[in-house]
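Below: one structure, written as structure tokens.
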Amino acid sequence: MLQIRPLISGALVLLALLLPFSSSAQDGDFYRGKTITIVIPIGPGGAYDAYARILSRHFGKHLPGNPTIIARNMPGGGGVIASNYLYNVAPQDGTTLAIIISSFATDQLFENPQIKYDAQQFLAIGRLVDTTSVLFYWHASPIKTLRDLYDRPSTVGITAVNDVPAYRLRAMNRLLGTKIRLVPGYPSARDFVLASERGETDGGTSTYVGLSQMFSSYLADKKLNVLVQFSARRDRFMPDIPAVLELTRDPQAIDVFKLLVATDEIGRSLFTTPNVPPARLTLLRSAFQAMLADPEFRAEAEQLKLPLASRSGEEMQRIVADTLKTAPATMATVKEVIKP
């Protein structure tokens, strides 16, 4: 009996040593023959769509098993429908990813009634680029200058009344005195531009990278007049356009706008569902970093005029956690300002 115990003990130690290797091998082979879906929270056209499509062409070859990757648009609710799907419906095994709507964490802070998720439970794979959103007007509209925003009423296309672009515009009206009327129902930045071109609205909001990617000729020909950057400081590509925080010296207004522009730090980031096994999440994050270093990926991004300013999944996870720690007093002020 005394001789059997050391044998059993040795076998248990060997089993404990082998289990991690077995688990790692299983995860390494998990994606073979699988299809990964990348959910796009906005309709076709725009930066969300463009970054998801380039991911679908390059990401899979850096994952063990070389899975097929498809991109699927799931617009609605200012991106909330896609986030709800990712949290409540999609398989939680690492086969469903999303270029998540950049406001998904602040939507939770603002108690958006549509959301059905806990933002901290989404798992970050990595960021492709941060973004700077802008307020633009069609060249033929009555709004030509920043001063006109205060002196003349205007109409601006948005997706939904309960999303961050709408909150920013209402904050401008209430804190800065602008006269902007919001017109909801347009699925993407492409629709905002086309609506202003048709005369349905005077202008819209978009990321600057989205406008540059879809409507570079409109910008070059000055058909789109960018008046404000929704940022804390001026973007290096728009040195002559004022940042919204420059438009006020009121400390309360500054605090409100700081939170409302924070979503652009999320930018265009790749996330997956809750409960993906840690080893599989590590595979996804490693593949993401390998893709970013791939010369073919970088060459196509440059060809498509898609800038890159990457951050790791671990960094993005911390950014989400920090956003959700916003002081209650600040949130109370912001909620009052952004009411419809």
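Side-chain contact between Ile101 and Thr263 is absent, with no heavy atoms from C-beta onward closer than 4.5 Å. Inter-residue side-chain proximity for Asn162 and Tyr167 is flagged as met; some heavy-atom pair is nearer than 4.5 Å. The closest side-chain heavy-atom distance from Ile115 to Phe104 is not below 4.5 Å.
Under a 3.5 Å cut-off, the side chain of Ser269 and the backbone N or O of Ile266 do form a donor-acceptor pair. Using a distance-only test at 3.5 Å, with no hydrogens or angles considered, a donor-acceptor pair links the side chain of Lys144 to the main chain of Ser141. Not one N or O on the side chain of Tyr117 forms a donor-acceptor pair closer than 3.5 Å with the backbone of Gln108. A side-chain donor-acceptor contact under 3.5 Å links Thr333 to the backbone of Ala329. Remark: side-chain polar atoms of Tyr31 are paired, donor with acceptor, to backbone N or O of Gly94 under 3.5 angstrom. At least one donor-acceptor pair closer than 3.5 Å links the side chain of Arg280 to the backbone N or O of Asp93. The backbone N or O of Ile319 sits less than 3.5 Å from a side-chain atom of Thr323, completing a donor-acceptor pair. Looking only at distances, a side-chain donor or acceptor of Thr178 sits under 3.5 Å from a matching main-chain atom of Met172.
Note: Ile125 CD1 to Thr272 OG1 = 5.0 Å, rounded to the nearest 0.5 Å. Rounding to the nearest 0.5 Å places CG of Asp191 at 9.5 Å from CD of Glu200. How far CG of Leu259 is from CG of Leu109: 6.5 Å, rounded to the nearest 0.5 Å. With rounding to the nearest 0.5 angstrom, the CG atom of Leu97 is 8.0 Å from the OG1 atom of Thr37. Taken to the nearest 0.5 Å, the CG atom of Leu63 stands 10.5 Å off from the CZ atom of Phe30. Interatomic distance, Gln229 CD to Ile241 CD1, rounded to the nearest 0.5 Å: 6.5 Å.
Placement of Val164 and Ile254 within a single hydrophobic cluster is found when ILVMFWY residues are connected by side-chain heavy-atom separations under 4.5 Å, directly or transitively. Linking Ile, Leu, Val, Met, Phe, Trp and Tyr residues whenever their side-chain heavy atoms come within less than 4.5 Å places Leu182 and Leu149 in a single cluster. Under a hydrophobic clustering in which Ile, Leu, Val, Met, Phe, Trp and Tyr are joined whenever their side-chain heavy atoms come within less than 4.5 Å, directly or via other members, Leu219 and Leu135 fall into different clusters. Note on Met214 and Leu306: separate hydrophobic clusters, where clusters join Ile, Leu, Val, Met, Phe, Trp and Tyr whose side-chain heavy atoms are under 4.5 Å apart, directly or indirectly. Under the 4.5 Å side-chain heavy-atom criterion for Ile, Leu, Val, Met, Phe, Trp and Tyr, Leu175 and Leu247 are members of the same hydrophobic cluster.
Counted by atom type alone, Asp235 and Thr132 present one or more donor-acceptor pairs between their side chains at under 3.5 Å. Counting only N and O atoms by type, the side chains of Asp250 and Thr248 include no donor and acceptor under 3.5 Å apart. When only modelled atom types and interatomic distance are considered, Asp221 and Ser217 share no side-chain donor-acceptor pair under 3.5 Å. Remark: the Tyr218 side chain and the Glu197 side chain contain an N/O donor-acceptor pair separated by less than 3.5 Å.
The two atoms that bring Tyr186 and Gly157 nearest to each other are CD1-CA, 4.0 Å, heavy atoms only. When all heavy atoms of Ser312 and Gln289 are compared, the pair lying nearest together is CA-NE2, 3.8 Å. Between Ile100 and Ser83, the shortest heavy-atom contact is CG1-OG, 3.9 Å. Considering all non-hydrogen atoms of both residues, Pro67 and Ile36 come closest at CG-CD1, 3.8 Å. Of all heavy-atom pairs spanning Leu324 and Ala105, the tightest one is CD2-O, 3.6 Å. Scanning both residues, Asp163 and Gly78, for their nearest heavy atoms gives OD2-CA, 3.8 Å.
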Checklist entry - For Phe237 and Tyr208, what are the C-alpha separation, side-chain angles and deciding distance, and is it a ring pair (Phe, Tyr, Trp, His ring centres under 6.0 Å)? => result CA-CA 9 Å; Phe237 296 114; Tyr208 188 72; 7.1 Å; no
Item to check | side chain to side chain contact (heavy atoms under 4.5 Å, CB included) evaluation trace for Leu123 with Phe271 | outcome: CA-CA 5 Å; Leu123 299 173; Phe271 277 69; 5.8 Å; no
Item to check | ring pair (Phe, Tyr, Trp, His ring centres under 6.0 Å) between Phe297 and Phe59, intermediate numbers included | outcome: CA-CA 9 Å; Phe297 169 77; Phe59 189 48; 9.6 Å; no
Next on the checklist: Show, in sequence, the C-alpha distance, side-chain angles and deciding distance for Lys339 and Arg170, and conclude whether the side chain to side chain contact (heavy atoms under 4.5 Å, CB included) test is met.
Outcome noted: CA-CA 8 Å; Lys339 282 181 180 177; Arg170 285 201 287 268; 5.9 Å; no
Checklist entry - Step by step, would you call Val244 with Val261 a side chain to side chain contact (heavy atoms under 4.5 Å, CB included)? => result CA-CA 9 Å; Val244 70; Val261 303; 4.1 Å; yes
Item to check | Working for side chain to side chain contact (heavy atoms under 4.5 Å, CB included), residues Val89 and Asn84 | outcome: CA-CA 8 Å; Val89 180; Asn84 284 343; over 6 Å; no
Checklist entry - After noting the C-alpha distance and the side-chain angles of Tyr137 and Ser196, does the key distance pass the side chain to side chain donor-acceptor pair (under 3.5 Å) rule? => result CA-CA 7 Å; Tyr137 283 84; Ser196 67; over 6 Å; no
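With Ile180 as the fixed residue, the side chain to side chain contact (heavy atoms under 4.5 Å, CB included) test singles out one of Ile143, Asp202, Thr155, Leu169: Leu169.
Asp151 and Arg147 are joined by a salt bridge, as a carboxylate oxygen and a charged side-chain nitrogen come within less than 4.0 angstrom of each other.
Residues passing the ring-ring contact (aromatic ring centres under 6.0 Å, His included) test with Phe192, sequence neighbours excluded: none. In this structure, the salt bridge (Lys or Arg N to Asp or Glu O under 4.0 Å) partners of Asp264, at least two apart in sequence or on a different chain, are Arg168. Residues forming a side-chain contact (heavy atoms from CB on, under 4.5 Å) with Asn275 (at least two apart in sequence, or on another chain): Gln92.
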In residues 39-56, what donor-acceptor pairs under 3.5 Å come from side-chain atoms, sequence neighbours left out?
| from | atom 1 | to | atom 2 | distance (Å) |
| --- | --- | --- | --- | --- |
| Tyr48 | OH | Ser102 | N | 3.0 |
| Tyr48 | OH | Ser102 | OG | 3.4 |
| Tyr48 | OH | Arg268 | NH1 | 3.2 |
| Asp49 | OD1 | Arg53 | NE | 3.4 |
| Asp49 | OD1 | Arg53 | NH2 | 3.3 |
| Asp49 | OD1 | Asn73 | ND2 | 3.0 |
| Tyr51 | OH | Pro307 | O | 2.6 |
| Arg53 | NH2 | Asn73 | OD1 | 2.6 |
| Ser56 | OG | Arg53 | O | 2.6 |

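Under the 30°/60° scheme for interplanar angles, the aromatic rings of Tyr87 and Phe122 are found to stand perpendicular.
The hydrophobic side chain of Val161 is isolated, with no ILVMFWY side chain under 4.5 Å apart from it.
For residues 283-312, the pairs satisfying salt bridge (Lys or Arg N to Asp or Glu O under 4.0 Å) are Arg57-Glu300, Lys61-Asp294, Lys61-Glu296, Glu265-Arg311, Arg285-Glu314, Arg311-Glu315, with sequence neighbours left out.
Few gaps surround CZ on Arg198; more than 12 heavy atoms of other groups in view lie less than 6.0 Å from it.
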